[in-house]
Amino acid sequence: MKKKFIVLGVLFATFGFTKMNAQINFGEKALGAVQKGVTGFTFSNADAAALSKAAVDKMDTEHEVAAATDPYTLRLNRVFGKYTAGDGYTLNYKVYKLKEVNAFATADGSVRVYSGLMDIMDDNELLAVIGHEIGHVANNDSRDAIKAAYRKEALLEGAASQSATIASVTDSQLGKIGSSIIDSKFSRKQESEADLFSYNFLKKNGYNVNAEESAFRILAKMSEGTEASFIDQMMSSHPDSKQRADDAKARAEKDGLYKAYVQQKIVNTAPVVKTTTKKTTTTKKTTTKKK
């Protein structure tokens, strides 16, 4: 059985939905934001965040999420956990215990990393990939993608015209939004700008910028295998991984920072806690007899 690789959120935005008859109920605040967005199809950052959060919350219930004490979670928090606030967005991170190679970030600042990605990339390469995903959030690509899908489907138009409030959004409706996002993909310009965001993030925070080239080389190598046709299909409107690796190398060379990257050891196990044993000393009590 062939192993199916899911291309990174670097390559396309990912939403997966099952159980199509179920419903996702928005909280009162989220409902207000989405309702406001329906009228005249205006769509703010808050609208995109509300819709994205509902989708991600549902996905979190449908996937095995690594627990707080799981080695994958500990590693992700160690590598990227301190970066939670950006210009106009707040980030939250979780690991999906899935062997697929994937990562994505949504308009509400949710970042989801698959354990399969963490198995093949070291800390610096992981930083480059997540930095790219956050680039899509910072550049409003994630917001624009969900806005385009929302407009295309006009899913809530009927409900909005009949009622002042929206009680729920079905999984099938969210599935249509997800399909539209995947079909549209990010443009070459958006992908290149997210790549640049990642490079600048690495550079600004003192990380090895050459890890970005290395991450794309890994993806390029994957595309040469049995999944090449699948990846080629998904990549039809995007710069390919090899080209993006070359671009990352050119940026590093221009800055005088290029050096062939050597992948570091990948550790997805919990750190060993050293225990110290106290040496107990016994004092011998001596008594002197009175004469």
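Keep in mind that the numbers below use all heavy atoms, side chains included, and drop hydrogens, waters and symmetry copies. All residue numbers refer to positions in the sequence shown, counting from 1. The structure displayed is predicted, hence computed values, not measured ones.
In this structure, Asp119 and Asn268 have side chains that are in contact, with non-hydrogen atoms separated by less than 4.5 Å. A 4.5 Å side-chain heavy-atom check between Asp255 and Lys203 finds at least one atom pair inside the cut-off. With a 4.5 Å cut-off on side-chain heavy atoms, Glu125 and Gln263 count as touching. Side chains of Lys97 and Val65 form no contact here, defined as non-hydrogen atoms less than 4.5 Å apart. Ile218 has its side chain within reach of Ile120: a pair of non-hydrogen atoms, C-beta onward, lies under 4.5 Å apart. Looking at heavy atoms from C-beta onward, Leu117 lies in side-chain contact with Val129 at the 4.5 angstrom threshold. Within the 4.5 Å cutoff, the side chain of Asp246 has heavy atoms near those of the Arg217 side chain. Taking 4.5 Å as the limit, every side-chain heavy atom of Val113 sits out of range of all side-chain heavy atoms of Lys94.
Here the shortest heavy-atom pairing between Asp108 and Ser52 reads OD1-CB, 3.7 Å. Here the closest non-hydrogen pair linking Leu76 and Val95 is CD2-CG2, 3.6 Å. Here the closest heavy-atom approach between residue Asn92 and residue Ser110 is recorded as ND2-OG, 3.2 Å. Across all non-hydrogen atoms, the minimal contact from Ala220 to Ser241 is N-CB, 3.7 Å. Nearest heavy atom pair, residue Ala66 against residue Thr73, reads CB-OG1, 3.1 Å. Contact between Val262 and Gln264 at its shortest, heavy atoms only, is O-NE2, 2.7 Å.
Cluster annotation: Tyr207 is not connected to Leu196 through the hydrophobic network of ILVMFWY side chains, with a link wherever side-chain heavy atoms come within less than 4.5 Å. Ile130 and Val79 fall within the same hydrophobic cluster, where Ile, Leu, Val, Met, Phe, Trp and Tyr residues are linked whenever their side-chain heavy atoms come under 4.5 Å apart, directly or through other members. Linking Ile, Leu, Val, Met, Phe, Trp and Tyr whenever their side-chain heavy atoms come within less than 4.5 Å puts Leu202 and Leu257 in one cluster.
In the model, Asn210 has no side-chain atom that pairs as donor or acceptor with a side-chain atom of Tyr199 under 3.5 Å. Between the side chains of Tyr261 and Asp122, at least one donor N or O sits under 3.5 Å from an acceptor N or O. Asp141 and Gln190 share a side-chain donor-acceptor pair at under 3.5 Å.
Residues satisfying the ring-ring contact (aromatic ring centres under 6.0 Å, His included) test with Tyr96, not counting sequence neighbours, are His63, Tyr114. When the ring-ring contact (aromatic ring centres under 6.0 Å, His included) test is applied to Phe80, the partners found at least two apart in sequence or on another chain are Tyr83, Tyr93, Phe201.
Salt-bridge check for Glu213 with Arg251: failed, with every basic side-chain N at 4.0 Å or more from each acidic carboxylate O.
Within the 3.5 Å criterion, the main-chain N or O of Met118 finds a donor-acceptor partner in the side chain of Arg75. No side-chain donor-acceptor contact under 3.5 Å links Glu191 to the backbone of Arg188. With Ser115 contributing its side chain and Leu98 its backbone, the two residues share a donor-acceptor pair below 3.5 Å. Although no hydrogens or angles enter the test, the distance criterion places a donor-acceptor pair under 3.5 Å between the side chain of Asp240 and the main chain of Gln243.
For His132 and Phe197, the ring centers sit 6.0 Å or farther from each other.
The structure places CG of Asn77 at 15.0 Å from OH of Tyr72, a figure rounded to the nearest 0.5 Å. With rounding to the nearest 0.5 angstrom, the CD atom of Glu212 is 14.0 Å from the NZ atom of Lys249. Between Leu219 atom CG and Met222 atom CE the span is 6.0 Å, to the nearest 0.5 Å. Put simply, OG on Ser198 and CG on Leu127 are 8.5 Å apart, with the number rounded to the nearest 0.5 Å. Rounded to the nearest 0.5 angstrom, Arg78 CZ and Asp123 CG are separated by 4.5 Å. The distance from atom CZ of Arg143 to atom CG of Leu51, rounded to the nearest 0.5 Å, is 14.0 Å.
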Item to check | Stepwise side chain to side chain contact (heavy atoms under 4.5 Å, CB included) check, Lys53 with Asp57 | outcome: CA-CA 6 Å; Lys53 186 178 186 308; Asp57 285 349; 2.8 Å; yes
